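Below is one structure, written out as structure tokens; comments come after it.
From a predicted model like this one, the values you see are computed outputs, not experimental measurements. Numbered from 1 within each chain, the chains take letters A, B, ... in sequence-line order.
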Protein chains: 2
Amino acid sequence: MSSRSQTIADILTRAIIDHRLVPGCKLGERELAEIFDVSRIVVRQALIRLADDGLAQIERNRGAFVAKPSMQEAMEIYDALTLVEQGVAAQLSDRLGPAGWAELRQHVERQRHAVAAGNDALADVLGQEFHTVFVRLSRNKVMQEIHAQLVRRTTLLRSLITADFDYCNLLDDHSRVVDLLEKGRLKQAMDLIDTHHRSVVRGYIMDREVFPEMTPAEALAPYLEAKADGATASVAPRKPAKTSGPAKTSGPAKTSGNSDGATAHLHVHLPKKDPVPTSRAASKKTNRGLPT
Amino acid sequence: MSSRSQTIADILTRAIIDHRLVPGCKLGERELAEIFDVSRIVVRQALIRLADDGLAQIERNRGAFVAKPSMQEAMEIYDALTLVEQGVAAQLSDRLGPAGWAELRQHVERQRHAVAAGNDALADVLGQEFHTVFVRLSRNKVMQEIHAQLVRRTTLLRSLITADFDYCNLLDDHSRVVDLLEKGRLKQAMDLIDTHHRSVVRGYIMDREVFPEMTPAEALAPYLEAKADGATASVAPRKPAKTSGPAKTSGPAKTSGNSDGATAHLHVHLPKKDPVPTSRAASKKTNRGLPT
DNA sequence: AAATCATTGATTGATATCCAATCTTGTGTT
DNA sequence: AACACAAGATTGGATATCAATCAATGATTT
């Protein structure tokens, strides 16, 4: 078992890439310490890890916040991701054996089935996973870790944007990349990777200031069930009073059953049905306004 | 200023890439805490940063050690570095303006002069710096940070090898890469980058188990001069001081692959001066005795 | 009343001390 | 010699405390 700070960093990472903790959200040491029932020091170590990973930013004497990348940084992240995946593509076009191509095709097929079945959530996850599988086939752990970090950051970015992707198109891109690569048309494959990412970035609109916001306690509760086994179950209210905001619509995003327990929080972007009334609109200035 | 754990992490990073702390070297919390005159917790946070950077590895209940990458990992690191630099090369061949090409040529010239002057140490630093300048011209900070981290890890690797490079050849490679790129011969430039790194890896012999080893106290002494301002060596009272203030410039500086590794700590493999086995300061705080 | 200044409160950065778990070592026993 | 076991050392973590800084007040001045 790894250290506790690593465990907590992992949970926070999950919560961030699940979009339960949104950019700009304050990550107070004392608050998190109470939520996880550990000392502040462990929380601090976890926050250091998150900051090193680019998912949080720590401001001296002001605390840690979920990172809120600028548009500039967003483009840099996608450029870097493109660069990495193009490089991997070049390597694979030389070195990948039949088993590798089969794995890629199989993955694309799985996603295609998910799309056909209307399971958008699964399709979204598989769509992201494709890139990970792709890089894994390079058999370079260092590269995998770099890529995984970039993917986490792009996932964070998707909290800031209008995620209105056309899964069919993106899926088709995956399929075509595999085809082109296997046929040795490296240049075209690399161009397609570039286009693929650009098509994602193009949809970005970062000036929206409205997020469905949860307090960290609400956001993190699902991940704690495993730990707070049975009895003590509901993590919730140790100290209800202070938690920053007024209790917003407690049901963050319906998610109906939310049965998925610990592992499967794959929250997809919901269309803008906006069940949340505009109550928050003028209510107060939340701490989401970031410096810079 | 940034946090103390960051400062200490920076110093340790410098010491590692200067080859003063060699792979496998134990980084004991208490020992480092006394050396830097901080609490163990700050040291621990610094070690977490190093581990996240790949320069140290932490084993539960056993402590932290300077990372000792395997041959496999070494090759992966160089593969990743090649991939990144090839990608940057592709970008630069499209986008770089005359000023950029001039900067690259100027850098190559500086190294050429250093070689001509027989200043191997400077030539070595400039040789590494070339790659950093190269990537900086991509104007992608994310990419720069990834690259800088890879460079740090390759520098660490050089503690494990017979560093018997042919500077002239490597320098010539730099020059030729610039030439090829500016002429638009991207493919050849990328191949040369690959060859360049492979020629470095080829010289690696990792099974040597004998290192010139210093105790951390010896290894880190040079970096502490700046901190012990004014009063220098003297007793260094622990409680009142806290001199957060005046440190400033001469300090440890940011690690980011910035130039000027030239702070004179150029890894020269020291002669095997028999290390005093246990004679190390048993006293507590006073052991910051200055070098020499 | 508006603007400025000062006090208060809360949060972070950091230290010291203590404790439990685990690893290492050295010794004693068979 | 091999094994077991006790002692010591080190790490991981908790708690309590303190100083410095930032945020939000409230009081004062114009």
Inset, instruction - Determine the minimum heavy-atom distance between A/A67 and A/P23, stating which atoms define it. - result: O-CB, 3.2 Å
Inset, instruction - Give the rounded distance in Å between these two atoms: CD of A/E31 and P of C/dA10. - result: 15 Å
Inset, instruction - For A/S39, answer base if it contacts any base atom (sugar-phosphate contacts may also be present), sugar-phosphate if it contacts only those atoms, and nothing otherwise; contact means non-hydrogen atoms under 4.0 Å. - result: base
Inset, instruction - Give a yes-or-no answer on whether the side chains of A/E76 and A/Q72 include a donor-acceptor pair shorter than 3.5 Å. - result: yes
Inset, instruction - Calculate the interatomic distance between B/F36 atom CZ and C/dA14 atom C1'; express it in whole Å. - result: 16 Å
Inset, instruction - Measure the distance from CD on A/Q6 to C1' on D/dG12 and round it to the nearest whole Å. - result: 14 Å
Legend entry - Basic-acidic side-chain contact under 4.0 Å: A/R44, A/E29: yes
Between N or O atoms, less than 3.5 Å apart, protein on one side and nucleotides 9-11 of chain D on the other: list the pairs.
residue : atom : partner : partner atom : Å
D/dT11  : OP1  : B/E29   : N            : 3.2

Inset, instruction - Ignoring hydrogens and angles, state whether a donor on the side chain of B/N140 or B/Q144 is under 3.5 Å from an acceptor on the partner side chain. - result: no
Legend entry - Rounded distance in Å - CZ (B/F65) to P (C/dC23): 12 Å
Inset, instruction - Only counting residues at least two apart or in another chain, list the ones meeting side-chain contact (heavy atoms from CB on, under 4.5 Å) with A/R139. - result: none
Inset, instruction - Give a yes or no on whether the backbone of A/V142 and the side-chain of A/H147 come within a donor-acceptor separation of less than 3.5 Å. - result: no
Legend entry - Nearest-angstrom distance from the residue atom CD1 of A/I41 to P of C/dT15: 10 Å
